[in-house]
Amino acid sequence: MGECLDPEYKTFTLHVRCENCMRESFMGVAVPKADGSPSDVDELLESAVLNNLPFKCSKCPSLIGKVIGAKEGAGKQ
């Protein structure tokens, strides 16, 4: 089955490591396509978008995660 993506959003997948338990997880991010919005991974990492993303580890009570990788599109691979 195909995935239906809204063409008005640019999607990214973040690879995040919990700063407490050191477990890694993936997190999807959808950024509206507008003037000044990040259009690729480098722009996303330099933008303030990541500052406003909430993180909560699914294995421990930590709220602090570190982005260790990112790619365009949805999914883990």
Side-chain angles (χ1 to χ4, degrees):
M1 296 197 135
E3 188 176 331
C4 181
L5 298 177
D6 188 340
E8 295 189 23
Y9 286 87
K10 179 78 174 179
T11 58
F12 299 93
T13 300
L14 302 178
H15 189 177
V16 183
R17 179 179 295 137
C18 174
E19 288 291 304
N20 182 49
C21 69
M22 303 305 285
R23 289 196 172 108
E24 297 177 6
S25 60
F26 292 90
M27 182 176 178
V29 178
V31 180
K33 288 183 180 176
D35 291 340
S37 292
S39 61
D40 61 25
V41 171
D42 290 331
E43 289 180 10
L44 176 70
L45 296 176
E46 293 173 2
S47 74
V49 171
L50 299 181
N51 295 339
N52 298 321
L53 290 178
F55 172 79
K56 175 153 183 1
C57 182
S58 62
K59 305 295 182 186
C60 76
S62 179
L63 299 175
I64 302 171
K66 180 178 181 180
V67 175
I68 58 173
K71 72 173 203 115
E72 289 185 42
K76 292 183 185 180
Q77 299 180 11

Residue pair Leu14, Leu44: steps toward the side chain to side chain contact (heavy atoms under 4.5 Å, CB included) verdict: CA-CA 10 Å; Leu14 302 178; Leu44 176 70; 3.9 Å; yes

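- Using a 4.5 Å heavy-atom cutoff, the side chains of Ile68 and Val16 are not in contact.
- Atom SG of Cys18 is separated from atom NZ of Lys66 by 13.0 Å, given to the nearest 0.5 angstrom.
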Checking side chain to side chain contact (heavy atoms under 4.5 Å, CB included) for the pair Cys21/Cys57: CA distance, chi angles, key distance, verdict? CA-CA 9 Å; Cys21 69; Cys57 182; 3.7 Å; yes

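- Of all non-hydrogen atoms in Ala70 and Val41, the two that sit nearest each other are CB-CG1, 3.7 Å.
- Phe12 and Leu53 fall within a single hydrophobic cluster, where Ile, Leu, Val, Met, Phe, Trp and Tyr side chains are chained together by heavy-atom contacts under 4.5 Å.
- With rounding to the nearest 0.5 angstrom, the OG atom of Ser39 is 10.0 Å from the NZ atom of Lys33.
- Summarising the geometry, atom NE2 belonging to His15 is positioned 12.5 Å from atom NZ belonging to Lys71; distances are rounded to the nearest 0.5 Å.
- Atoms CE and SG, from Met22 and Cys60 in turn, are 11.0 Å apart once rounded to the nearest 0.5 Å.
- A 6.0 Å sphere centred on CG of Asn51 holds more than 12 heavy atoms belonging to other residues, nucleotides or ligands.
- Salt bridge Arg17/Glu24: present, at least one basic N to carboxylate O contact under 4.0 Å.
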Could you go through Glu43 and Ser47, starting from their C-alpha distance and side-chain angles, then the distance that decides it, and tell me whether this counts as side-chain hydrogen bond (donor to acceptor under 3.5 Å, both in side chains)? CA-CA 6 Å; Glu43 289 180 10; Ser47 74; over 6 Å; no

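- Met27 and Leu45 fall within the same hydrophobic cluster, where Ile, Leu, Val, Met, Phe, Trp and Tyr residues are linked whenever their side-chain heavy atoms come under 4.5 Å apart, directly or through other members.
- Residue Lys59 qualifies as open at atom NZ: its count of foreign heavy atoms under 6.0 Å is 12 or below.
- Rounding to the nearest 0.5 angstrom, the gap separating the CZ atom in Phe55 from the CG atom in Leu50 is 13.0 Å.
- Pairing each heavy atom of Gly73 with each of Thr13, the nearest pair is O-OG1, 2.7 Å.
- Atom-to-atom distance recorded for Asp40:CG and Lys10:NZ is 7.5 Å, nearest 0.5 angstrom.
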